[in-house]
There are 2 protein chains.
Amino acid sequence: MSANALPYRHHNHDACIADALADAKAICQRQNARLTAVRERVLELIWQSHRPLGAYDILGMLAADGHNAAPPTVYRALDFLQQHGLVHRIASLNAFIGCTHAGTRHQGMFLICHSCGNVLELSAPEVSDAIDVASADVGFQPDHVTVEVSGLCPECPAPNGALQNGPSHE
Amino acid sequence: MSANALPYRHHNHDACIADALADAKAICQRQNARLTAVRERVLELIWQSHRPLGAYDILGMLAADGHNAAPPTVYRALDFLQQHGLVHRIASLNAFIGCTHAGTRHQGMFLICHSCGNVLELSAPEVSDAIDVASADVGFQPDHVTVEVSGLCPECPAPNGALQNGPSHE
DNA sequence: CGAGAATTTGAAACATTATAACATTCTCTT
DNA sequence: AAGAGAATGTTATAATGTTTCAAATTCTCG
Ligand SMILES: [Zn+2]
Ligand SMILES: [Zn+2]
Ligand SMILES: [Zn+2]
Ligand SMILES: [Zn+2]
């Protein structure tokens, strides 16, 4: 369940998917929730993609499966998966991505590369803490927090003349 | 331009609006940008509302003005206003709100009350800093940051038995 | 097992949000 | 006044998300 790893390169994605599905099954069992066929398939499709998938992308893939699904089918599956902490919705993209910290208490922060489209979910307690402090300062009770950072990932070449600040990987 | 004030109560909202419009004029002049009639009216409508407005809300209000506008008119105005830092889009609401820090360099954080619908924009450097650090740790170059916190504002009664953590105002 | 309750899925229609493409009008400069 | 660029109008369409009710499935309990 490799939390905070850098999944940008060199990983066996099939294993990723298998792990995620196995985790999901365990989590649902623990919660007495039913990971039905559609739900599992949607989760699998989401994990198969490195990039966040839109609901209608998923719908199209289900259609390719031969499953003649309508939008509510997908949205219901996504709601279920979100509710059980198996996927996240990226509000700035209207898209969904598998949670890389499923089963653990975390407040995700999403790093979205606008060059390659990859998204990395980090668990960043310092960020959550800062948000909690700032909220408390004005008497606000946080309930759900969205942190989405769009930018350039370390795998992508800096556009023309700009400096790349990350550690060099080669 | 009351930055980080608590606009929840007791303020002269007409003055708010007038100030915001005056600021907007100045900012546009400085940037050689044209705050045309539609753009100004859209900005005014947004400021008149305490709560974020959807593009189609604005469209309806323009219609009430007698202005027979189509969606692109509104979206173009909103694009302009965003580009010049006069409004923000709240991704989790698909809605727009006036920037309370226009003209200053800031990274907004939005506190969205799901009870009353009010939104407070904070400039929270500690949050931005934490996000920058977490990003840099993994070699990611942030470009645009979305921080949206949904919860309960200090004006709204805590639902049933829950404790209200904010400073009591009465 | 088998009836009834609850959950899940199917299906059709609809609602909301956002954009594409091209014509026209306006504004500023020369 | 002419021309260039910016802004707006207009029509159509795409993309995203919801409501509603019916049918099927699964669970519970006697
Ligand atoms: Zn997560
Ligand atoms: Zn990238
Ligand atoms: Zn702002
Ligand atoms: Zn409130």
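What you see is a predicted model; the values in this text were computed from it and never measured. Convention: sequence-line order gives letters A, B, ...; per-chain numbering from 1.
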Point to revise | Which residue lies more 5' along DNA chain D, comparing P71(B) with V38(B) via nearest heavy atoms | key: V38(B)
Check your understanding: Y56(A) or R39(B): which one's nearest nucleotide on DNA chain D is closer to the 5' end?
Key -> R39(B)
In whole angstrom, give the distance that lies between atom [atom1] of [X] and atom [atom2] of [N].
{"X": "L59(A)", "N": "dG10(C)", "atom1": "CG", "atom2": "C1'", "value": "13 Å"}
{"X": "R89(A)", "N": "dA15(D)", "atom1": "CZ", "atom2": "C1'", "value": "12 Å"}
{"X": "D79(B)", "N": "dA6(D)", "atom1": "CG", "atom2": "C1'", "value": "15 Å"}
{"X": "L62(A)", "N": "dT9(C)", "atom1": "CG", "atom2": "P", "value": "12 Å"}
{"X": "L93(B)", "N": "dG17(D)", "atom1": "CG", "atom2": "P", "value": "13 Å"}
{"X": "I90(B)", "N": "dA18(C)", "atom1": "CD1", "atom2": "P", "value": "12 Å"}
{"X": "L35(B)", "N": "dT27(C)", "atom1": "CG", "atom2": "C1'", "value": "15 Å"}
{"X": "E40(B)", "N": "dT8(D)", "atom1": "CD", "atom2": "P", "value": "12 Å"}

Revision key, fill the gap. Nearest heavy-atom contact between A69(B) and L62(B) is CB-CD1, 4.1 Å
**Study point:** Candidate list V145(A), D132(A), I131(A), V127(A), test side chain to side chain contact (heavy atoms under 4.5 Å, CB included), partner Q107(A), passing option
**Key:** V145(A)
Exercise for review: Could you go through the side chain to side chain donor-acceptor pair (under 3.5 Å) check for E121(B) and H106(B) one step at a time?
Suggested key: CA-CA 10 Å; E121(B) 176 180 358; H106(B) 68 290; 3.0 Å; yes
Point to revise | Candidate nucleotides dA18(C), dT8(D), dA11(C), ranked by approach to the side chain of P72(A) - the nearest | key: dA11(C)
Point to revise | Proximity to the side chain of A70(A) - top-ranked nucleotide from dT19(C), dG17(D), dA11(C) | key: dA11(C)
Does [N] have OP1 or OP2 sitting under 4.0 Å from an N or O in the side chain of [X]?
{"X": "N94(B)", "N": "dT16(C)", "value": "no"}
{"X": "T36(A)", "N": "dT25(D)", "value": "no"}
{"X": "T73(B)", "N": "dT8(D)", "value": "no"}
{"X": "H67(B)", "N": "dG9(D)", "value": "yes"}

Practice item. Begin from the C-alpha positions of H13(A) and Q48(A) and carry the test side-chain contact (heavy atoms from CB on, under 4.5 Å) through to its verdict. Key: CA-CA 8 Å; H13(A) 198 48; Q48(A) 276 175 0; 5.5 Å; no
Check your understanding: Any donor-acceptor pair under 3.5 Å between the side chain of R76(A) and the base of dG10(C)?
Key -> yes
Review point. Which comes earlier along DNA chain C counting from the 5' end, the contact point of F96(B) or that of F80(A), where each point is its nearest nucleotide?
Key: F80(A)
Check your understanding: Are H88(B) and F96(B) close enough that their ring centers fall under 6.0 Å?
Key -> no
